[in-house]
Amino acid sequence: MALATMSNSFYDALETREPALREAALMTALPQQVAHAQRSAPAFARRLSGIDATTVATRHALAKLPVTRKHELLELQLASRAASVTGAVGDVFGGFSTVDWGAAMPRVFASPGGLYEPEGRRADYWRMARALFASGFRAGDLLHNSFSYHLVPAGAMMENGAHALGCTVFPGGTGQTELQLEAMLALRPSGYIGTPSFLKLLLEKAAQSGAELPFLRRAMVSAEAFPPSLRDWVRDRGVEAYQCYASADLGLIAYETEARDGLVLDEGVIVEIVKPGTGEPVASDGDVGELVVTTLNPEYPLIRFGTGDLSAVLPGFCPTGRTNTRIRGWMGRADQTTKVRGMFVHPAQIAAIGQRFPQLGRLRLVVSGEMANDRMLLRAECATFDASLAAAVTEVIREITKLRGEVRLESPGSLPNDGKTIEDARSYR
């Protein structure tokens, strides 16, 4: 397959290693990381108690270790903070961080639901430069970063990677579309970083105002689904956009290349595909399952971290010459946690809403709409149809999830007794 849209050079030599050499390097690093986590992260000292780290040097041995899922990480953090009398860093992070306040941890970030993540001091801490390079960004480029810079780490994740490449970044952040468009017209960035929905909005606003953005040629998008229809819509307006898959806990997991053929795994993670709800690897490559990731990050050494996301391994190698494993990308959630306008919404948050209003019965959050137009509707059983109650619940939805939603009060017994708290009814076609 011939590729001519951008240079076929690579970010570094790691991307084109013989697969056997990569696997050997990862399996050499794995027992060292397990030992480090046992020694320096109290939570893993407990979770991996009795495990001889030197024996965890194969994927088969790794698969025997327990999976720590995001909701468990949150629960452990909350419990540790509640029990703490000192507010020590180990208590704040539930015993999963190996670094303390100060020079080793310049910043700390929050995720919805009360989960906190440390940032280490190392350059390109989240390893985003590799994905940005694959998207076509190079030293000397000016990039417009519209990911959030407050509370959550998304803006910093991308900016750190861009700086590692030698790029200049305009920290646009979220919202204020007119001001962001004004800045783009003045500064003429060659690249965009942010959600695909906000890129679409910026391009639409530019067209409506008669502005031209011929200088904007490339984009890296994340945090939302990026279907081919939207990719082609953006391309028709002169922007070649690529996607990456990353999280605040793990940093970069996988990234798209010019081949447009799946996502290539990052060099700093070990990825497994397991049967949803278990820690057991799927029977064969190609089977859909939950992505479980072990990161080699020494500051936050998550071992077998369950992302809750579904994906599958693709056969063969990337046509660009990169030799790491490829995955199909995001294929949905293994649990009910879902992402709305770039933010995770958890079942525990819906339960927290219900706890504020004891007059409500069963609750179900229905997420609907087309791409870039997510809508949230909380269906709530209630014996009385009180407009003031619905208004109060609406306010609490925004307080807890940081997203706008509507409320519909329904008769008791209207919702099925199936245990489902969040229903994703969106179309991704």
What pair of heavy atoms forms the shortest contact from [X] to [Y], and how long is it?
X: Gly172; Y: Gln180; result: O-NE2, 3.4 Å
X: Ser111; Y: Glu117; result: OG-OE2, 2.7 Å
X: Asn324; Y: Phe317; result: O-CD2, 4.4 Å

Hey, does the side chain of [X] reach the backbone of [Y] with a donor-acceptor pair shorter than 3.5 angstrom?
X: Arg130; Y: Asp266; result: no
X: Tyr242; Y: Ala134; result: no
X: Gln33; Y: Pro301; result: no
X: Ser311; Y: Gly329; result: yes
X: Arg341; Y: Asp374; result: yes
X: Asn160; Y: Ala164; result: no
X: Arg379; Y: Val366; result: no
X: Gln349; Y: Ile400; result: yes

ask   = Are Arg218 and Ser190 close enough that some pair of their side-chain heavy atoms sits under 4.5 Å apart?
value = no

ask   = Are Ser9 and Arg138 close enough, and set up right, to give a side chain to side chain contact (heavy atoms under 4.5 Å, CB included), and what steps lead you there?
value = CA-CA 11 Å; Ser9 59; Arg138 298 294 185 266; 4.1 Å; yes

ask   = Judged by modelled atom types alone, do Arg22 and Thr323 share a side-chain donor-acceptor pair under 3.5 Å?
value = yes

inquiry  = Whether the Glu258 and Thr320 side chains hold a donor-acceptor pair (N or O, under 3.5 Å, no angle test) is what I'd like checked.
reply    = no

request  = Applying side-chain hydrogen bond (donor to acceptor under 3.5 Å, both in side chains) between Thr338 and each of Glu423, His346, Arg426, report the one that passes.
outcome  = Arg426

ask   = Can you tell me how far the CE atom of Met105 sits from the CD atom of Glu119, to the nearest 0.5 Å?
value = 10.0 Å

Other residues, nucleotides, ligands: >12 heavy atoms within 6.0 Å of Glu399 CD = yes

More than 12 heavy atoms from other groups under 6.0 Å of CD on Glu204 = yes

task = Please lay out, stage by stage, how Ser247 and Thr307 fare under the test side chain to side chain contact (heavy atoms under 4.5 Å, CB included).
result = CA-CA 9 Å; Ser247 78; Thr307 64; 5.9 Å; no

key: Residue of the set Ile422, Val340, Val407 for which side chain to side chain contact (heavy atoms under 4.5 Å, CB included) holds with Met376   = Val340

key: Residue of the set Val34, Val292, Thr294 for which side chain to side chain contact (heavy atoms under 4.5 Å, CB included) holds with Leu62   = Thr294

Listed once per pair and sorted, the salt bridge (Lys or Arg N to Asp or Glu O under 4.0 Å) pairs that draw on [range], sequence neighbours left out:
range: residues 47-62; answer: Glu23-Arg59
range: residues 171-184; answer: Glu178-Lys205
range: residues 285-307; answer: Arg69-Glu290, Arg122-Glu299, Glu272-Arg304

query = Which word best sums up how the rings of Phe93 and Trp101 line up, parallel for under 30°, tilted for 30 to 60°, or perpendicular for over 60°?
reply = tilted

Worked check of side chain to side chain contact (heavy atoms under 4.5 Å, CB included) between Arg322 and Tyr255 = CA-CA 11 Å; Arg322 293 172 173 85; Tyr255 59 97; 3.4 Å; yes

key: Derivation and outcome, side chain to side chain contact (heavy atoms under 4.5 Å, CB included), residues Met220 and Gln243   = CA-CA 5 Å; Met220 191 177 78; Gln243 60 183 314; over 6 Å; no

